[in-house]
Amino acid sequence: MAVLVTGGAGYIGSHAVAALLEKGEQVVVVDNLAQGHRKAVLGGKLYVGDIRDAEFLSNVFAENEIDGVIHFAASSLVGESMQDPAKYYRNNVYGTLCLLEQMHKSDVKRIVFSSTAAAYGEPERTPIDEFDRTLPTNTYGETKLSMERMIRWFDVAHGIKYVSLRYFNAAGAHESGRIGEDHSPETHLVPLVLQAALGQRSHISVFGDDYPTVDGTCVRDYVHVSDLADAHLLALERLCNGGESGIFNLGSGQGFTVKQVIDVARQVTGREIQAKYEPRRAGDPAALVASPARAIRELGWTPRRDRLEDIIASAWQWHVNHPEGYGQD
Ligand code: UDP
């Protein structure tokens, strides 16, 4: 029996693959390598192709005894999603439809879905729990919410059980030092700040300093990527044990402003990091902080690497050792 990981060559996907391998699971990865990296897949069987290609996907299911799916494959940039919404509907919503249809055809009944805090939009209160309003402020969040809902209707109709994991801000790198964050172009705060520390960028742009927060910059909840990865294994275990479908926040429960993240990065790296203030980025809510209580209680999840200093230090180790990321692969 194998676990299929779509998008397993991406940042969070590759850490989930590593965690599955460490647990001794058989892993099948599907990735079109549009964003992912071959070198990020530390083991298992890699199929390079697109989940929207029905023949390709049906072949993957025919060649392997897939028991459960962890679905990461998606476009995930807030800024880009505001400029090219069609891309997000095609890759994310239509891609998920293709995957679910194939799962139904192949009688695969378990899916762990990579969702996002962006599904909430501007929260009504902090910290956010799973029953709070979902009103995305960007196309990325909107498509992820649509995907979640689509999966729910496949559960109702076909009994495909799901766990949807709403991540807050993933950061950090694997303790082995072999995998980490490498997006092209990079748009995420932590890697950009560390690239500035390395001298690869002249400065970090801070998007907006007029938010209603302690210092005017956006508040986010940073969670270590390996803690996220662990949650996927627990979610799959829940489904394998006959557990109910459900939605869970994955965050540390602590919020940090963009300015605070930059300050911690200055301490951790001992380098100068110049910050320049720029206008707000379209679609960014002021503050997103999770209540992870439900995941802790019902999945038995513990965000173990929960100090921002440690999360940034682990990312820093990756950046220092891989200044060009995975390089050409
Ligand atoms: N951010 C920033 N400068 C950057 C990139 C991000 O000020 O160059 C801010 C962004 O506005 C958000 C936070 O950092 O408030 C985290 O952004 P990121 O893109 O890392 O993750 P997101 O919250 O969009 O998932």
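Side-chain atoms are counted along with the backbone in the values below, which use heavy atoms only and exclude waters and symmetry mates.
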Novice: Starting at CG of Leu145, measure out to CZ of Arg149 and round the result to the nearest 0.5 Å.
Specialist: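 Between atom CG of Leu145 and atom CZ of Arg149 there are 4.0 Å.
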Novice: Can you list the residues that meet the side-chain contact (heavy atoms from CB on, under 4.5 Å) rule with Arg178, with sequence neighbours excluded?
Specialist: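 Checked Arg178 against side-chain contact (heavy atoms from CB on, under 4.5 Å); matches are Leu42, Ser176.
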Novice: Kindly say whether Ala173 contributes a backbone atom to a donor-acceptor pair with the side chain of Ser314 at under 3.5 angstrom?
Specialist: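 Yes; at least one donor-acceptor contact below 3.5 Å.
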Novice: Using modelled atom types only, decide if a donor and an acceptor are shared between the side chain of His37 and the backbone of Asp182 within a distance under 3.5 Å.
Specialist: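 Pair found, side chain donor or acceptor close to backbone of Asp182.
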Novice: Do the charged groups of Glu80 and Lys87 touch, with an N to O distance under 4.0 Å?
Specialist: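 A salt bridge is present here (some side-chain N lies under 4.0 Å from a carboxylate O).
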Novice: Tell me the closest heavy-atom pair linking Leu194 and Ala265, and the distance in Å.
Specialist: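 Here Leu194 and Ala265 meet closest at CD2-CB, 4.3 Å.
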Novice: So which heavy atom on Cys240 is nearest to which on Asp67, and how close?
Specialist: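 Distance-wise, the nearest heavy atoms are SG-OD2, 4.5 Å.
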Novice: Side chains of His71 and Thr6: do they bring a donor and an acceptor to under 3.5 Å?
Specialist: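 Their side chains do contain a donor-acceptor pair, which is all the 3.5 Å distance test asks for.
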Novice: Count I, L, V, M, F, W, Y as connected when their side-chain heavy atoms are under 4.5 Å apart, and connections chain through other members. Are Val27 and Ile70 then in the same cluster?
Specialist: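 Linked, Val27 and Ile70 end up in one cluster.
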Novice: Closest approach of Met82 and Ala282, non-hydrogen atoms and distance?
Specialist: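 Answer, listing the atom of Met82 first, then Ala282: CG-O, 4.1 Å.
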Novice: Quick one: do Asp284 and Arg281 satisfy salt bridge (charged side-chain N to carboxylate O under 4.0 Å, His left out)? Show the steps, please.
Specialist: CA-CA 6 Å; Asp284 268 344; Arg281 185 172 69 177; 3.1 Å; yes
Novice: Measure the shortest side-chain to side-chain distance between Val163 and Arg238 over non-hydrogen atoms and say whether it is less than 4.5 angstrom.
Specialist: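 When only atoms from C-beta onward are counted, Arg238 and Val163 do touch, with a gap below 4.5 Å.
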Novice: Students often mix this up, so state it plainly: with edges at 30° and 60°, are the rings of Tyr11 and His183 parallel, tilted or perpendicular?
Specialist: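 Perpendicular: the ring planes of Tyr11 and His183 meet at over 60°.
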Novice: Please determine whether residues Ile151 and Leu57 belong to a single hydrophobic cluster, defined as Ile, Leu, Val, Met, Phe, Trp and Tyr linked transitively by side-chain heavy-atom distances below 4.5 Å.
Specialist: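 Linked within one cluster.
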Novice: Please check if the side chain of Lys144 supplies one atom and the backbone of Ser114 the other of a donor-acceptor pair under 3.5 Å.
Specialist: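 Yes.
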Novice: Compare all side-chain heavy atoms of Val112 with those of Leu239 and state whether any distance is below 4.5 angstrom.
Specialist: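 A side-chain contact exists here, since the closest heavy-atom pair is under 4.5 Å.
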Novice: Pairs in or reaching into residues 193-207: which pass salt bridge (charged side-chain N to carboxylate O under 4.0 Å, His left out), with residues at least two apart or in two chains?
Specialist: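 Non-adjacent pairs meeting salt bridge (charged side-chain N to carboxylate O under 4.0 Å, His left out): zero.
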Novice: Do side-chain atoms of Ser245 reach the backbone of Lys161 as a donor and acceptor pair under 3.5 angstrom?
Specialist: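 Judged by distance alone, no pair lies under 3.5 Å.
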Novice: Is it true that a side-chain atom of Asp221 and a backbone atom of Gly253 form a donor plus acceptor pair closer than 3.5 Å?
Specialist: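 Side chain of Asp221 to backbone of Gly253, a donor-acceptor pair under 3.5 Å: yes, one is there.
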Novice: Under the salt bridge (charged side-chain N to carboxylate O under 4.0 Å, His left out) test, which residues partner Glu309, sequence neighbours left out?
Specialist: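 In terms of salt bridge (charged side-chain N to carboxylate O under 4.0 Å, His left out), with neighbours along the sequence ignored, Glu309 is linked to Arg307.
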Novice: Under the side chain to side chain donor-acceptor pair (under 3.5 Å) rule, collect the residues that match up with Ser81, sequence neighbours excluded.
Specialist: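 Side chain to side chain donor-acceptor pair (under 3.5 Å) list for Ser81, sorted by chain: empty.
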Novice: Which is it for Val5 and Val30 under the side-chain contact (heavy atoms from CB on, under 4.5 Å) test, yes or no, and what are the steps along the way?
Specialist: CA-CA 6 Å; Val5 184; Val30 163; over 6 Å; no
Novice: Could you pull out every donor-acceptor pair under 3.5 Å between side chains of residues 230-237 and any protein atom, sequence neighbours left out?
Specialist:
residue	atom	partner	partner atom	Å
Asp230	OD2	Arg305	NH1	3.4
His232	ND1	Leu228	O	2.7
His232	NE2	Tyr167	OH	2.7

Novice: Using the salt bridge (charged side-chain N to carboxylate O under 4.0 Å, His left out) rule, collect all pairs that involve residues 42-65, keeping only residues at least two apart or in two chains.
Specialist: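 As it turns out, the salt bridge (charged side-chain N to carboxylate O under 4.0 Å, His left out) pairs with a partner in residues 42-65, which skip direct neighbours, are Asp50-Arg52.
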Novice: If you take all heavy atoms of Arg271 and Ala197, which pair is closest and at what distance?
Specialist: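 Minimum heavy-atom contact is NH1-O, 3.3 Å.
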Novice: List in chain and number order the residues that pass salt bridge (charged side-chain N to carboxylate O under 4.0 Å, His left out) with Asp306, two or more places apart in sequence or in another chain; answer none if no residue qualifies.
Specialist: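 Partners of Asp306 by the salt bridge (charged side-chain N to carboxylate O under 4.0 Å, His left out) criterion come out as none, since no residue qualifies.
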Novice: Among residues at least two apart in sequence or on other chains, which ones pass salt bridge (charged side-chain N to carboxylate O under 4.0 Å, His left out) with Lys259?
Specialist: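 Lys259: no salt bridge (charged side-chain N to carboxylate O under 4.0 Å, His left out) contacts found.
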Novice: If you define the side chain from C-beta out and look only at heavy atoms, does anything of Phe113 sit under 4.5 Å from Met147?
Specialist: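 Yes - at least one pair of side-chain heavy atoms lies under 4.5 Å apart.
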Novice: Can you check whether Ser226's main-chain N or O pairs, donor with acceptor, with His224's side chain at less than 3.5 Å?
Specialist: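 Side chain of His224 to backbone of Ser226: a pair is present.
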Novice: A side-chain contact here means heavy atoms from C-beta on lying under 4.5 Å apart; do Leu189 and Tyr222 qualify?
Specialist: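 Sidechains of Tyr222 and Leu189: in contact.
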Novice: In the structure I gave you, are the side-chain heavy atoms of Val261 and Thr257 within less than 4.5 Å of one another anywhere?
Specialist: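 In short, these two side chains do not touch, never coming nearer than 4.5 Å.
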Novice: Kindly say whether Ala2 contributes a backbone atom to a donor-acceptor pair with the side chain of Glu25 at under 3.5 angstrom?
Specialist: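 No: the side chain of Glu25 does not pair with the backbone of Ala2.
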Novice: Taking side chain to side chain donor-acceptor pair (under 3.5 Å) as the test, write out the residues that go with Arg280, two or more places apart.
Specialist: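 Arg280: side chain to side chain donor-acceptor pair (under 3.5 Å) contacts with Asp210.
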Novice: Do Ser291 and Asp129 meet the criterion of a side-chain donor-acceptor pair at a distance under 3.5 Å?
Specialist: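 There is no such pair (donor and acceptor under 3.5 Å, judged by atom type) between the side chains of Ser291 and Asp129.
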Novice: Find the distance between CD (Gln195) and NE2 (His188) and round it off to the nearest 0.5 Å.
Specialist: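 Spacing of CD (Gln195) from NE2 (His188) equals 12.0 Å.
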Novice: How about Leu33 and Arg38: do any of their side-chain heavy atoms sit closer than 4.5 Å?
Specialist: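 Of all side-chain heavy-atom pairs linking Arg38 with Leu33, at least one is under 4.5 Å.
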Novice: Group every Ile, Leu, Val, Met, Phe, Trp and Tyr by side-chain heavy-atom contacts under 4.5 Å, then state whether Val190 and Ile204 land in the same group.
Specialist: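 Linked, Val190 and Ile204 end up in one cluster.
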Novice: Between OH of Tyr89 and CG of Asp84, what distance do you get to the nearest 0.5 Å?
Specialist: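 With rounding to 0.5 Å, OH (Tyr89) is 12.5 Å from CG (Asp84).
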Novice: What distance separates Asn249 CG from Ser252 OG, expressed to the nearest 0.5 Å?
Specialist: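 These two atoms lie 11.5 Å from each other.
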Novice: Would you mind listing every ring pair (Phe, Tyr, Trp, His ring centres under 6.0 Å) that reaches into residues 41-64, with sequence neighbours excluded?
Specialist: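 Listed once each, the pairs would be none.
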Novice: For the residue pair Asp209 / Thr217, report whether a side-chain donor-acceptor contact shorter than 3.5 Å exists.
Specialist: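 No, Asp209 and Thr217 have no side-chain donor paired with an acceptor closer than 3.5 Å.
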Novice: Looking at every heavy atom in both Ala290 and Gly251, which two are closest together, and how far apart are they?
Specialist: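 Taking every non-hydrogen atom into account, CB-CA, 3.8 Å.
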Novice: Which ILVMFWY residues can you reach from Tyr120 by hopping between side chains whose heavy atoms are under 4.5 Å apart?
Specialist: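 Noted: Tyr120 shares its cluster with Ile128, Phe168, Leu288.
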Novice: Parallel under 30°, tilted from 30 to 60°, perpendicular over 60°: which one fits the rings of His158 and His104?
Specialist: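 Plane angle under 30°, so parallel.
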Novice: Between the main-chain N or O of Ser75 and the side-chain N or O of Asn92, is there a donor-acceptor pair closer than 3.5 Å?
Specialist: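 Yes.
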Novice: For Glu122, which residues count as a side chain to side chain donor-acceptor pair (under 3.5 Å) partner, sequence neighbours excluded?
Specialist: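 Once residues adjacent in sequence are excluded, Glu122 has no partner under the side chain to side chain donor-acceptor pair (under 3.5 Å) criterion.
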Novice: For Ala275 and Val206, which heavy atoms make the closest approach, and how far apart are they?
Specialist: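 Result for this residue pair: CB-CG2, 4.0 Å.
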Novice: Could you measure the distance from the OG1 atom of Thr96 to the CE atom of Met150? Nearest 0.5 Å is fine.
Specialist: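 Between Thr96 OG1 and Met150 CE, I get 5.5 Å after rounding to 0.5 Å.
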Novice: Taking the six-membered ring for Trp, are Tyr162 and Trp153 closer than 6.0 Å centroid to centroid?
Specialist: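 Between Tyr162 and Trp153, the centre distance exceeds or equals 6.0 Å.
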Novice: Tell me whether Trp301 contacts the main-chain N or O of Asp227 through its side chain, where contact means a donor paired with an acceptor under 3.5 Å.
Specialist: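 Pair found, side chain donor or acceptor close to backbone of Asp227.
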Novice: Evaluate the side-chain proximity of Tyr326 to Ile179: yes if any heavy-atom separation is below 4.5 Å, no if none is.
Specialist: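 Yes, close enough: below the 4.5 Å cut-off.
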Novice: Are Val69 and Arg110 side-chain neighbours, meaning at least one heavy-atom pair lies under 4.5 Å?
Specialist: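 Contact flag for Val69/Arg110 side chains = no.
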Novice: Mark yes or no for whether Thr116, through its side chain, and Ala118, through its backbone, hold a donor-acceptor pair below 3.5 Å.
Specialist: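 Checked: pair present.
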Novice: Measuring from atom OG of Ser115 to atom CG of Leu250, what distance do you get when rounded to the nearest 0.5 angstrom?
Specialist: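 If I round to the nearest 0.5 Å, the distance is 10.0 Å.
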Novice: What about Tyr140 and Val223, same hydrophobic cluster or not, with Ile/Leu/Val/Met/Phe/Trp/Tyr joined at side-chain heavy-atom distances under 4.5 Å?
Specialist: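 Tyr140 does not cluster with Val223.
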